[in-house]
A.B. asks: 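The structure's right below; bear with me while I get my questions together.
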Number of protein chains: 2
Amino acid sequence: MGDMTEPRWLTDEEQHVWRAYLHATTLLEDHLDRQLQRDAGMPHIYYGLLVQLSQAPRRRLRMTELAKSAKITRSRLSHAIARLEKNGWVRRENCPSDKRGQFARLTDEGMEVLRQNAPGHVAAVRQALFDRLSPDQVKQLGAIMRVMAEGLEPTDADADLPWLR
Amino acid sequence: MGDMTEPRWLTDEEQHVWRAYLHATTLLEDHLDRQLQRDAGMPHIYYGLLVQLSQAPRRRLRMTELAKSAKITRSRLSHAIARLEKNGWVRRENCPSDKRGQFARLTDEGMEVLRQNAPGHVAAVRQALFDRLSPDQVKQLGAIMRVMAEGLEPTDADADLPWLR
DNA sequence: CCTATGTAGTTCAACTTTCAAGAACGAGTC
DNA sequence: GACTCGTTCTTGAAAGTTGAACTACATAGG
């Protein structure tokens with residue numbers, strides 16, 4: 001822990017790549033947020049929740065499952081689902097096997113919103129990303145992102161260890 | 001406009017890459033946010049503001065400049081600077097040549113916070129990204145991010161053109 | 001000078017996210 | 001059962017964000 005030696009700063013190239021990364025990822029995030037807010041009336045993350053639900057077995061998932069796969073806290077999900085429920089796109093259902101549990105289920109209206117907006121969203125992603133990258137670059141991006149995720153994946157160790165530093 | 005033909009969905013590979021992208025970028029963002037919140041008491045974006053200021057000519061920038069280079073709205077910047085000012089890390093100064101203008105200037109305390117946290121932050125970025133990628137992958141990532149940014153860069157055209165779609 | 005129009009920055013209201021509790025249930029132990 | 005501890009999900013308040021309205025100043029044209 002007490003690594004008080006001179007830190008290894010980023011090389012010039014690394015700095016450039018890092019800035020390009022921050023620049024590009026925030027631009028894309030903003031772009032998709034705006035696109036979906038405008039067309040579907042919700043931010044990107046909310047749209048992602050609907051997508052997850054639409055692909056789940058009976059179009060429903062336990063709250064904790066959904067939170068995990070969307071990588072947000074349960075608290076945040078509670079608020080988000082409350083909002084989506086108000087819109088009529090999601091409905092809560094009790095879990096019979098565990099009375100603490102709740103399912104979030106995608107309603108038909110929610111499915112319809114998804115149907116209407118999926119083409120536009122895919123087009124936005126295409127236009128920003130896949131239509132601009134060469135096939136090689138798409139593969140490279142995939143490999144790089146997988147490496148990144150591996151290093152950051154919240155393992156069980158993280159939960160147990162008292163935080164480092 | 002009325003492109004009502006069947007949309008071009010993502011191929012399987014593209015879908016995997018897209019998910020990997022979303023997964024990895026949110027994990028990294030969360031990771032850095034937590035690291036900085038814990039060590040420096042501010043989120044990543046606020047830290048970025050201090051960095052920008054630290055590199056500017058007299059450690060100060062006009063609000064609009066800063067907003068642009070941090071890629072956030074002026075509104076958001078106003079709030080952010082208000083918060084950083086409360087912490088004593090930034091000070092507002094009037095612009096003599098334009099009475100509407102404000103400079104945000106990094107204070108000595110702010111500079112000190114930066115000094116104390118830069119090593120830890122760089123280490124976090126290294127550990128999550130550069131230490132895990134091959135030299136080739138670093139180059140590839142840079143190229144890919146530049147292509148992405150090009151396609152999303154808010155050009156003057158965007159301001160003029162009535163929005164597509 | 002006067003008016004029109006644009007720009008810099010802030011503020012307001014609505015919304016989202018976070019953080020710290022807290023309520024309700026499950027599971028293991030005695 | 002009664003106790004403890006962990007899990008599931010919700011809640012409420014504080015903090016942060018957004019987009020539009022607003023203030024103040026700048027700039028250009030008559």
Side-chain angles (χ1 to χ4, degrees), chain A residues 26 29-49 60-87 89-105 156 159-160 163, chain B residues 26 29-38 41-49 60-87 90-105 154 156 159-160 163:
Chain A
T26 65
E29 173 93 45
D30 287 3
H31 182 65
L32 295 183
D33 255 354
R34 272 184 241 284
Q35 187 259 322
L36 282 169
Q37 187 70 57
R38 172 166 52 80
D39 295 350
M42 64 188 141
H44 189 203
I45 182 111
Y46 284 37
Y47 181 86
L49 295 176
R60 61 179 207 177
L61 281 174
R62 286 287 294 272
M63 294 294 278
T64 297
E65 297 295 319
L66 184 50
K68 245 181 256 174
S69 73
K71 286 165 271 296
I72 62 178
T73 62
R74 287 193 302 277
S75 170
R76 185 174 172 183
L77 180 62
S78 268
H79 291 296
I81 292 294
R83 197 268 223 189
L84 292 172
E85 207 170 12
K86 261 190 200 165
N87 289 329
W89 299 335
V90 168
R91 199 171 41 224
R92 275 181 232 247
E93 290 177 2
N94 295 326
C95 174
S97 65
D98 185 338
K99 289 182 186 169
R100 296 166 303 181
Q102 290 276 111
F103 285 105
R105 176 197 291 273
D156 291 338
D160 293 346
W163 302 287
Chain B
T26 65
E29 174 95 43
D30 286 3
H31 182 66
L32 295 182
D33 257 354
R34 272 186 242 284
Q35 186 259 324
L36 282 169
Q37 188 70 57
R38 171 165 53 79
M42 64 187 140
H44 189 203
I45 182 107
Y46 284 38
Y47 181 85
L49 295 176
R60 60 180 210 178
L61 281 174
R62 287 288 293 272
M63 295 294 278
T64 298
E65 296 295 320
L66 183 49
K68 244 180 259 175
S69 72
K71 286 165 272 297
I72 62 178
T73 61
R74 289 194 302 279
S75 169
R76 185 174 174 184
L77 181 61
S78 268
H79 292 294
I81 292 295
R83 199 269 223 186
L84 292 173
E85 208 171 12
K86 262 190 198 165
N87 288 329
V90 168
R91 198 169 44 225
R92 275 181 231 248
E93 290 177 2
N94 293 326
C95 175
S97 65
D98 185 338
K99 289 182 185 170
R100 295 167 304 181
Q102 289 277 104
F103 284 105
R105 176 197 291 271
D156 292 337
D160 294 346
W163 302 285

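The structure displayed is predicted, hence computed values, not measured ones. When reading the values below, keep in mind they use all heavy atoms of this one structure, side chains included, and skip hydrogens, waters and symmetry mates. To find a chain, count down the sequence lines: A is the first, B the second, and so on, and within it residues start at 1.
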A.B. asks: Sequence neighbours left out, what passes salt bridge (Lys or Arg N to Asp or Glu O under 4.0 Å) with B:Arg83? Give chain and number order.
C.D. replies: none

A.B. asks: Which residues satisfy the side chain to side chain donor-acceptor pair (under 3.5 Å) test with B:Asp30, sequence neighbours excluded?
C.D. replies: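 For B:Asp30, no residue satisfies side chain to side chain donor-acceptor pair (under 3.5 Å) once neighbours in sequence are set aside.
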
A.B. asks: Applying ring pair (Phe, Tyr, Trp, His ring centres under 6.0 Å), can you list everything that pairs with A:His44, at least two apart in sequence or on another chain?
C.D. replies: A:His121

A.B. asks: Any pair with a residue in residues 65-80 of chain B that passes side-chain hydrogen bond (donor to acceptor under 3.5 Å, both in side chains), sequence neighbours left out, goes on the list, sorted by first then second residue, please.
C.D. replies: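 Qualifying pairs, neighbours excluded: B:Gln52-B:Ser69.
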
A.B. asks: According to the Watson-Crick and G-U wobble definition with distances under 3.5 Å, which dot-bracket string, read 5' to 3', encodes DNA chain C, using [ ] for crossing pairs and | for pairs with another strand?
C.D. replies: ||||||||||||||||||||||||||||||

A.B. asks: Whole angstrom is fine here: how far is it from CZ in B:Arg76 over to P in D:dA15?
C.D. replies: 17 Å

A.B. asks: Report the residues that fulfil side chain to side chain donor-acceptor pair (under 3.5 Å) with A:Arg91, sequence neighbours left out, ordered by chain and then residue number.
C.D. replies: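 With sequence neighbours excluded, A:Arg91 shows a side chain to side chain donor-acceptor pair (under 3.5 Å) to no residue whatsoever.
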
A.B. asks: Take a 6.0 Å sphere around CZ of B:Arg34 and say whether it holds more than 12 heavy atoms from other residues, nucleotides or ligands.
C.D. replies: no

A.B. asks: Using a 4.5 Å cut-off on heavy atoms from C-beta on, say whether the side chain of A:Arg62 contacts that of A:Phe103.
C.D. replies: yes

A.B. asks: Report the residue (A:Arg83 or B:Gln37) whose heavy-atom-nearest nucleotide on DNA chain C is the more 5′ of the two.
C.D. replies: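 By nearest-heavy-atom nucleotide position, the 5'-most residue is A:Arg83.
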
A.B. asks: Considering residues at least two apart in sequence or located in another chain, which fulfil the side chain to side chain donor-acceptor pair (under 3.5 Å) criterion with A:Asp98?
C.D. replies: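 By the side chain to side chain donor-acceptor pair (under 3.5 Å) rule, A:Asp98 matches A:Arg100.
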
A.B. asks: Please enumerate all residues that pass side chain to side chain contact (heavy atoms under 4.5 Å, CB included) together with B:Ala104, with sequence neighbours excluded.
C.D. replies: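 Once residues adjacent in sequence are excluded, the partners of B:Ala104 under the side chain to side chain contact (heavy atoms under 4.5 Å, CB included) criterion are B:Leu53, B:Met63, B:Leu66, B:Ile81, B:Val90.
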
A.B. asks: Given atom CD1 of A:Ile45 and atom C1' of D:dT17, what is their separation to the nearest angstrom?
C.D. replies: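 Rounding to the nearest Å, CD1 of A:Ile45 and C1' of D:dT17 are 15 Å apart.
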
A.B. asks: Could you pull out all residues at least two apart from B:Gln37 that satisfy side chain to side chain donor-acceptor pair (under 3.5 Å)?
C.D. replies: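 Residues passing side chain to side chain donor-acceptor pair (under 3.5 Å) with B:Gln37: none at all.
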
A.B. asks: Can you tell me the distance, in whole Å, between the OH atom of A:Tyr46 and the C1' atom of D:dT18?
C.D. replies: 13 Å

A.B. asks: Using the heavy-atom set of chain A and a strict 4.0 Å cut-off, write down the first and last nucleotide of DNA chain C that makes it in, 5' to 3'.
C.D. replies: C:dT16 to C:dG26

A.B. asks: Are the side chains of A:Leu77 and A:Leu49 in contact, using a 4.5 Å heavy-atom criterion?
C.D. replies: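 They are in side-chain contact.
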
A.B. asks: Whole angstroms only, please: what is the NZ-P distance between B:Lys99 and D:dT23?
C.D. replies: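 So the NZ-P distance, B:Lys99 to D:dT23, works out to 20 Å.
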
A.B. asks: In B/S/- notation, 5' to 3', how is nucleotides 5-10 of chain D contacted by protein heavy atoms closer than 4.0 Å?
C.D. replies: -BBBBB

